[in-house]
Amino acid sequence: MEPIKVRLYDTYEGKVRDFIPLNPPEVDIYYCGPTVYNYVHLGNFRPTVTFDLLTRFLNAIGYQVKCVSNYTDIDDKIIKAALDKHETEKELSEFYIKAYEDCLGKLNILPLYDHPKASEYINKMASFIKDLEDNHTAYQAGDDVYFRVNSDPTYGQLSKQNIADLVSGARIDVNTKKESPLDFALWKMTDDEGIKFDTPIGKGRPGWHTECVVMVNSVFKKPLIDIHGGGFDLKFPHHENEIAQSEAHNHTRLANYWMHVGFLLTNGVKMSKSLGNSILAKDVLQRHSGNAVRLFFLSTNYRAPINYTEEALDSFDKVANRYLSSVRKATYQLQLKNIKEGQIITSDKEEFLLALADDLNVANAMTVLDRELKEINTLSMKKDADLEREADLVKTFTYISDILGLKFVFDPLTDEDRVNLQAYEEARVNKDYAKSDELRKVLSAKGIL
RNA sequence: GGUUCCAUAGCCAAGUUGGUAAGGCAAAGGACUGCAAAUCCUCAACCUGCGGUUCGAAUCCGCAUGGAACCUCCA
């Protein structure tokens, strides 16, 4: 099999580009994680699933992916929520981190290379900010430190905005301390309430945009990584500001490829906490399987918006169950007939991987899965089926679904199952339908029939 | 107002350099079956509209209509 050429859409360049890692076989991926002041809504997991898929795919074709996502556990909203609940910021964020990780498990997300928390990088952030002050790309205003956006001639490249338009479109900013309304806070002094960190640049807390750049630099120990991602709404200002700081500090754009994942919508409108139309991920994952939620996200190109409906999730539950029961049944049948494990069908594998290599074209990749499923079902029904072919199909199906992050678990076949199956078939031959129906109940409950 | 993006069958959705449209869901009919479930087969598109370029456009260009996002915290 030829080495697979991967193509990915890069927001920075505004086009699909050949993906060439900086230090193959290593690939670095960082995507912005949640601010943990609350239960996250389902939309927060679309990037998670997308970059998990990208990780699994790149690993499958021979790369060694280091995928990293952060927790923003220092933030104004966290401070406020902690005050409201009479908890410390740490107690609050730890609680919601745990809730988030519970969802990661249900969604079958691969363990990340690292999951840094902003609160653990404060000193590095402070010294990063100090550097920016020293090279005059940052300035103090009152007790706060701001980034001087005018210092970056490339500002706006990612979000395709120009500074003049941004200034004219900017809302009236009461903060007159800033040189320009576009300047953003790198460090905020904390007054009386809320968590504060004692650092050489003062007692306060870092701004969100600084947190991510510093964590990227620190975790990967390099100024430029392969892929930086997140939701579409992070393009501006968050990622734009990360790039600006990285340019000012390291003279790099921070990541070679910038990937942005489309929104989850409810009734055609973006799901967001401020709009009050959030559906919490933990609730959805209680009603629907992780497989179903994955299939739902995977049903649309990662860059396009996707509309949330319970009906859609219901239908993917059915699809997921169908996948499971077919694979389980076929696996049991092969075991009963003592057929050894099959081989991965190279042509199917290649067709699947090539589809994903095309900027994660999951829709085309999934056609391989559905085609195999159909053949597995057909072979399962036949009396004189080519069992080796069936074994190969099951093997390939499992391989492919694993890359998609789908997980099919079922109990191994027991001796009792074997006995029951034989008795069932004998009863049917003898037209003892009362007995066969009873055994059928038992066997189908286990998914053997 | 500025900047991006989208518009394909009842629903979801693919369509890489233009050559007459993958797949999934739902519905219907059929096959199989002692019955049921499951499964398999069959079945759907004037590609939002109007112009233009071309031998030929869902695919390129323009206009219109409809929708979304960003410009403020947001995955």
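Labels below follow one simple rule: chain letters A, B, ... track the order of the sequence lines, proteins then strands, and each chain is numbered from 1.
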Starting from [atom2] on [N], measure out to [atom1] on [X] and report it in whole angstrom.
X	N	atom1	atom2	value
A:Arg303	B:U16	CZ	P	12 Å
A:Lys235	B:U4	NZ	C1'	6 Å
A:Phe352	B:A14	CZ	C1'	15 Å
A:Asp370	B:C40	CG	P	10 Å

When we call it a touch if two heavy atoms are under 4.0 Å apart, what does [X] touch: a base, just sugar-phosphate, or nothing?
X	value
A:Lys160	sugar-phosphate
A:Met366	nothing
A:Phe263	base
A:Gly43	base
A:Ser380	nothing
A:Asn162	nothing
A:His260	nothing
A:Ser274	base
A:Gly262	base
A:Gly33	sugar-phosphate
A:Val362	nothing
A:Ser315	sugar-phosphate

>> If you assign A:Ser436 and A:Thr367 each to the RNA chain B nucleotide with the nearest heavy atom, which residue ends up on the more 5' nucleotide?
In response: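 That would be A:Thr367.
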
> Of A:Asp437 and A:Leu275, whose nearest nucleotide on RNA chain B comes first from the 5' end?
Replying inline: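 Checking each residue's closest nucleotide, the 5'-ward one belongs to A:Asp437.
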
Watson-Crick or G-U counterpart of [N], or none if no pair lies under 3.5 Å:
N	value
B:C5	B:G67
B:U20	none
B:A26	none
B:C60	B:G52
B:A45	none
B:U33	none

Would you mind checking if [Y] and [X] are paired as a salt bridge, meaning a charged N to carboxylate O distance below 4.0 Å?
X	Y	result
A:Arg56	A:Asp402	yes
A:Arg389	A:Glu375	yes
A:Asp317	A:Arg287	no

Which whole number of Å gives the distance between the [atom1] atom of [N] and that of [M]?
N	M	atom1	answer
B:A26	B:A44	C1'	12 Å
B:C46	B:U8	P	14 Å
B:C73	B:C12	P	33 Å

> How long is the span from the CZ atom in A:Phe147 to the OG1 atom in A:Thr210, to the nearest 0.5 Å?
Replying inline: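 It is 9.0 Å, given to the nearest 0.5 Å.
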
> With distance as the sole criterion, is a donor-acceptor pair present between the side chains of A:Asp73 and A:Ser119 under 3.5 Å?
Replying inline: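 Yes - a donor-acceptor pair under 3.5 Å links their side chains.
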
>> Between A:Lys374 and B:G24, is there a contact of a side-chain N or O with OP1 or OP2 at under 4.0 Å?
In response: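 Result: yes.
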
Selection from [options] that lies nearest to any side-chain heavy atom of [X]:
X	options	answer
A:Gln161	B:G15, B:A69, B:G2	B:G2
A:Thr300	B:A75, B:C12, B:U39	B:C12
A:Asn364	B:A14, B:G34, B:A38	B:A14
A:Arg322	B:G34, B:A13, B:G24	B:G24
A:Thr378	B:C12, B:C71, B:C40	B:C40
A:Arg428	B:C35, B:C25, B:A13	B:C35
A:Pro237	B:G34, B:C71, B:G24	B:C71

> Under the side chain to side chain donor-acceptor pair (under 3.5 Å) criterion, do A:Asp283 and A:Tyr39 qualify, and how do the steps go?
Replying inline: CA-CA 10 Å; A:Asp283 296 339; A:Tyr39 290 114; over 6 Å; no

> Taking N and O atoms by type only, does the side chain of A:Arg440 place a donor or acceptor under 3.5 Å from a partner on the base of B:A36?
Replying inline: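 In this structure, the two groups form a donor-acceptor pair.
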
> What about A:Lys77: does its side chain form a donor-acceptor pair under 3.5 Å with the base of B:C73?
Replying inline: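 Such a pair is found, so the answer is yes.
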
> A:Phe45 and ring-ring contact (aromatic ring centres under 6.0 Å, His included): which partner among A:Tyr100, A:Phe297, A:Tyr308?
Replying inline: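 That would be A:Tyr100.
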
> Are the side chains of A:Val36 and A:Lys117 in touch, meaning some heavy atoms are under 4.5 Å apart?
Replying inline: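 Sidechains of A:Lys117 and A:Val36: no contact.
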
